[in-house]
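Here's the structure, in structure tokens; my notes come after.
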Amino acid sequence: MALALQLARKGLYSTHPNPRVGCVIVKDGELIGEGWHVRAGEPHAEVHALRQAGARARGATAYVTLEPCSHHGRTPPCAEALVNAGVGRVVAAMQDPNPQVAGRGLERLRSAGIEVASGVLEADARALNVGFIKRMETGLPYLRAKLAMSLDGRTAMASGESQWITGPAARAEVQRLRAQSSVVLTGADTVLMDNARLTVRESELGLDAEMTSLAMQRPPLRVLVDGQLRVPLGAPFFQAGPALVANTRADQAAVYQAAGHDFLTVIGDAGRVDLQGLLRELADRGANEVLLEAGPRLAGAFAALGLIDEYQLFVAAKFLGSSARPLIDLPLERMSEARELQIKDIRAVGEDWKVIAVPAN
């Protein structure tokens, strides 16, 4: 199963909106087939592994990181492929959270007389597909907030100058975060102050040729939260390619659509963009993981609503001073209101540090 998970990780940048899945087939202690899901619309991991195993798959054990699908989508059901191949045993890391599957794949295998087990390295399997799982279970994508700051918790000078707080290694890490995300989400302030494009830069990915090629074939959707349409169409963000603009001005849709951009009006309280409604719309479009790269106001707004699942904090060994801008705009008055986080990982990234934290509750 550990090998199957390793194979599944090869789909980190390419399977959206599908989950990342790996499969290994073993017979008499010998590995006879392996495969991983490369991209949506193409054969699933089990099919690749069965093709490699051929006739030897009969009576073998298949280890798969997610319950084999039992429904007809863009490809035939993998449960039927395993039954037809005559495998004797299937071990799944976890049950599929997709309501169209949700135990039916395992039940189909059992009904065919195949021995079934599940729950092997399940925590690792869930971690690999946190976005897919959350979308299936809640109708919302998994939202990561990427924030870069100095040791004194500042993100930009008072003038708005912010490039570059962190070094090349941290920036490469951010490029990989973008590449694995379904959506990169930002706000008008960030785009206007930094002339940000929020694209994946191939030269900075630091991946091997195969993974780089897969990442560049499926760039994330770039989404701009711009309630009052402050960012002009001539800005570098729009010149970098098609984007989706979340706003409160439905009357301007034709202008942006004529320029090749998608336009989504989601009005919430006080006439602002409905952030939860936006995330739900993105999930409906198949977004599993959303990367939020925004300034303190928008990041604070998502945090205040409890919509951020994970914080990726890049910390540079420098002070920007007390007049510089804060990390997040989240006005709190009492210690009892403090938002507690659970730190999951801390590690050096070049000359900087990366802290991964999640809400404690």
Side-chain angles (χ1 to χ4, degrees), residues 5-6 8-16 20 124 127-131 141-156 162-187 190-191 194-223 237 240 287-296 298-299 302-303 308-318 320 327-328 341-358:
L5 284 163
Q6 183 178 335
R9 290 187 187 98
K10 296 180 72 173
L12 190 65
Y13 305 106
S14 61
T15 64
H16 161 89
R20 299 138 183 160
D124 297 293
L128 184 61
N129 284 305
V130 288
Y142 188 86
L143 181 62
R144 288 187 180 92
K146 168 263 168 183
L147 300 165
M149 68 179 187
S150 59
L151 273 177
D152 53 348
R154 305 291 172 163
T155 62
S162 64
Q163 296 178 321
W164 295 95
I165 293 176
T166 54
R171 296 201 293 274
E173 189 91 352
V174 172
Q175 292 299 310
R176 291 189 287 274
L177 279 174
R178 287 181 187 175
Q180 79 175 66
S181 302
S182 309
V183 168
V184 175
L185 180 63
T186 192
T190 297
V191 170
D194 297 344
N195 284 326
R197 292 175 172 82
L198 280 301
T199 55
V200 175
R201 296 191 287 273
E202 182 175 356
S203 61
E204 294 182 27
L205 279 172
L207 301 171
D208 63 32
E210 179 186 26
M211 298 297 277
T212 296
S213 175
L214 288 171
M216 297 308 296
Q217 287 174 27
R218 190 208 59 79
L221 171 66
R222 296 174 307 124
V223 176
F237 178 84
N288 292 330
E289 299 174 22
V290 174
L291 180 64
L292 175 64
E293 294 192 58
L298 186 56
F302 274 104
I308 298 177
D309 296 294
E310 177 184 305
Y311 293 87
Q312 296 239 353
L313 306 171
F314 292 85
V315 185
K318 61 185 67 171
L320 297 187
L327 179 70
I328 193 167
L341 301 175
Q342 180 182 3
I343 294 177
K344 292 292 189 179
D345 189 53
I346 301 178
R347 67 182 63 199
V349 181
E351 297 182 352
D352 306 305
W353 288 87
K354 182 174 80 166
V355 180
I356 299 178
V358 299

Does Glu210 offer a backbone N or O that forms a donor-acceptor pair with the side chain of Asp208 under 3.5 Å? yes

Does the side chain to side chain contact (heavy atoms under 4.5 Å, CB included) test come out yes or no for Met216 and Val200, once each step is laid out? CA-CA 8 Å; Met216 297 308 296; Val200 175; 3.9 Å; yes

Of the non-hydrogen atoms in Thr155 and Leu327, which two are nearest, and what is the gap between them? CG2-CA, 3.4 Å

Quick one: NZ on Lys318 to OG on Ser150, what's the gap to the nearest 0.5 Å? 8.5 Å

Would you say Arg9's side chain and Leu128's backbone share a donor-acceptor pair under 3.5 angstrom? no

Would you check if the side chain of Asp152 reaches a backbone N or O of Leu320 as a donor-acceptor pair within less than 3.5 Å? yes

Might you work through the side chain to side chain contact (heavy atoms under 4.5 Å, CB included) test for Glu293 and Val184, ending with a clear yes or no? CA-CA 7 Å; Glu293 294 192 58; Val184 175; 3.9 Å; yes

Where is the tightest heavy-atom contact between Thr166 and Ala316, given as atom of each residue plus distance? CG2-CB, 4.2 Å

Rounded to the nearest 0.5 angstrom, the CG-CG distance for Leu292 and Asp309 is 11.5 Å

Drop me the distance from Leu207's CG to Glu202's CD, to the nearest 0.5 angstrom. 10.0 Å

Given side chains that start at C-beta, do those of Arg222 and Thr199 come closer than 4.5 Å, heavy atoms only? yes

With Asn129, which residues qualify under side chain to side chain donor-acceptor pair (under 3.5 Å), at least two apart? none

To the nearest 0.5 Å, what is the distance between CG on Leu205 and CE on Met211? 10.0 Å

Please report the closest heavy-atom contact between Ser181 and Pro220, naming both atoms and the distance. O-CB, 3.3 Å

Heavy-atom pair of closest approach, residues Ala299 and Leu147: CB-CD2, 4.2 Å

Looking at every heavy atom in both Ala287 and Pro141, which two are closest together, and how far apart are they? O-CB, 3.4 Å

For the backbone of Leu291 and the side chain of Arg178, can you confirm whether one donor and one acceptor N or O come within less than 3.5 Å of each other? no

Determine whether more than 12 heavy atoms belonging to other residues, nucleotides or ligands lie under 6.0 Å from atom CZ of Arg171. yes

For Arg176, which residues count as a salt bridge (charged side-chain N to carboxylate O under 4.0 Å, His left out) partner, sequence neighbours excluded? Glu173

Where do Asp352 and Ala170 come nearest, in terms of heavy atoms and distance? OD2-CB, 3.6 Å

Sorted by chain and residue number, the side chain to side chain donor-acceptor pair (under 3.5 Å) partners of Gln180 (sequence neighbours excluded) come out as Glu289

Between Arg20 and Leu5 (side chain of the first, backbone of the second, donor and acceptor by atom type, cut-off under 3.5 Å), is there such a pair? no

Side-chain touch Val130/Arg144, heavy atoms, less than 4.5 angstrom: yes

Going by the rule side chain to side chain donor-acceptor pair (under 3.5 Å), which residues pair with Tyr142 if we only count those two or more places apart in sequence or in a different chain? Glu310

From NZ (Lys146) to OG1 (Thr186), nearest 0.5 Å: 9.5 Å

Once rounded to the nearest 0.5 Å, what's the spacing between atom CG of Leu177 and atom CD of Gln312? 4.5 Å

Qualifying residues under salt bridge (charged side-chain N to carboxylate O under 4.0 Å, His left out), relative to Glu204, sequence neighbours excluded: Arg201

Residues that Thr15 engages under side chain to side chain donor-acceptor pair (under 3.5 Å), provided they are two or more places apart: none

Is it the case that over 12 heavy atoms from other parts of the model lie below 6.0 angstrom from the CD atom of Gln217? yes

